[in-house]
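Report on one structure; see the data block that follows.
The structure presented is a predicted model; accordingly, all values stated were derived computationally and were not measured.
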Amino acid sequence: MKKPFFKQAVLLLLLIFIIQTLSFWVTPHFNFRQSVQLSLFVLSPLLVSVVFLFINPIRALGGALFFLPLLIVLYFAVIVMPEASGADALSYIAALIYGVPLNILGIWLFPYFRKFFGIK
């Protein structure tokens, strides 16, 4: 049985991992190996989406999409404007604290968003 949106969910999860790794790697503080390790740590809330990838890929896509804005805000706070935001590397703990609930919320609500906006 072919599952719809499986490729899109896998590509989104890989794209989030690659962009997060590169965002750490371009800073002068981390080499590539450390960037990969830190990305795996920061993206650990996406394990819920990885589990749902094999159960229902559409829900996994929703979980990753709900987690993405948090990563964008943290990237801006830590890497782009650390002086203005007063943030440091510990700000990524927020990704762990708020990431799992956001991921579960996305997994739960994404089918309703699809139905509301008419996405097939």
Checking Asn103 side chain against Val48 main chain: does a donor-acceptor pair fall under 3.5 Å? no
Heavy atoms, side chains only, cut-off 4.5 Å: are Ile58 and Phe52 in contact? no
Identify the heavy atoms of Leu53 and Ala9 that sit nearest to each other, and give their distance. CD1-CB, 3.4 Å
To the nearest 0.5 angstrom, please state how far the CG atom of Leu68 sits from the CD1 atom of Ile16. 5.0 Å
Write down the atom of Ser35, the atom of Phe30, and the distance for their closest heavy-atom approach. OG-CB, 3.6 Å
For Leu74 and Ala94, the nearest pair of non-hydrogen atoms, with its separation, is CD2-CB, 4.3 Å
Spacing of Leu13 atom CG and Leu43 atom CG [to the nearest 0.5 Å]: 9.0 Å
Would you say that Asn31 contacts Gln34 through its side chain, given a criterion of any heavy-atom pair below 4.5 Å between the two side chains? yes
So do Ile72 and Tyr75 actually touch side chain to side chain, heavy atoms under 4.5 Å? no
Are Leu40 and Leu15 linked, directly or through other ILVMFWY residues, by side chains that come within less than 4.5 angstrom of each other? no
Nearest heavy-atom neighbours spanning Ser49 and Ala64: OG-N, 3.6 Å
Side-chain heavy atoms under 4.5 angstrom apart, residues restricted to Ile, Leu, Val, Met, Phe, Trp, Tyr: same cluster for Val50 and Val100? no
Would you say Leu14 ends up clustered with Val36 if hydrophobic residues are merged whenever their side chains have heavy atoms under 4.5 Å apart, either directly or through other cluster members? yes
Leu61 side, atom CG; Ile107 side, atom CD1 - distance, nearest 0.5 Å: 10.5 Å
What's the separation between atom OG1 in Thr21 and atom CD1 in Ile18, rounded to the nearest 0.5 Å? 7.5 Å
Of all the heavy-atom pairs spanning Ser44 and Leu96, show the shortest one and how long it is. OG-CD2, 3.2 Å
Quick check for you: to the nearest 0.5 Å, what is the distance between Gln20 atom CD and Phe24 atom CZ? 4.5 Å
Test of understanding: with ring-ring contact (aromatic ring centres under 6.0 Å, His included), list the residues that count as partners of Phe67, not counting sequence neighbours. none
Can Phe66 and Phe113 be said to form a ring pair (Phe, Tyr, Trp, His ring centres under 6.0 Å), step by step? CA-CA 12 Å; Phe66 270 56; Phe113 277 101; 5.8 Å; yes
Please determine whether residues Leu38 and Leu70 belong to a single hydrophobic cluster, defined as Ile, Leu, Val, Met, Phe, Trp and Tyr linked transitively by side-chain heavy-atom distances below 4.5 Å. yes
Working to the nearest 0.5 angstrom, can you tell me the gap between Ile97 CD1 and Leu102 CG? 12.0 Å
Nearest heavy-atom contact between Pro45 and Gly99 is CB-C, 3.6 Å
Are Ile55 and Phe5 linked, directly or through intermediate hydrophobic residues, by side-chain heavy-atom contacts shorter than 4.5 Å (ILVMFWY only)? no
Parallel, tilted or perpendicular: which one describes the rings of Phe32 and Trp25, with boundaries at 30° and 60°? perpendicular
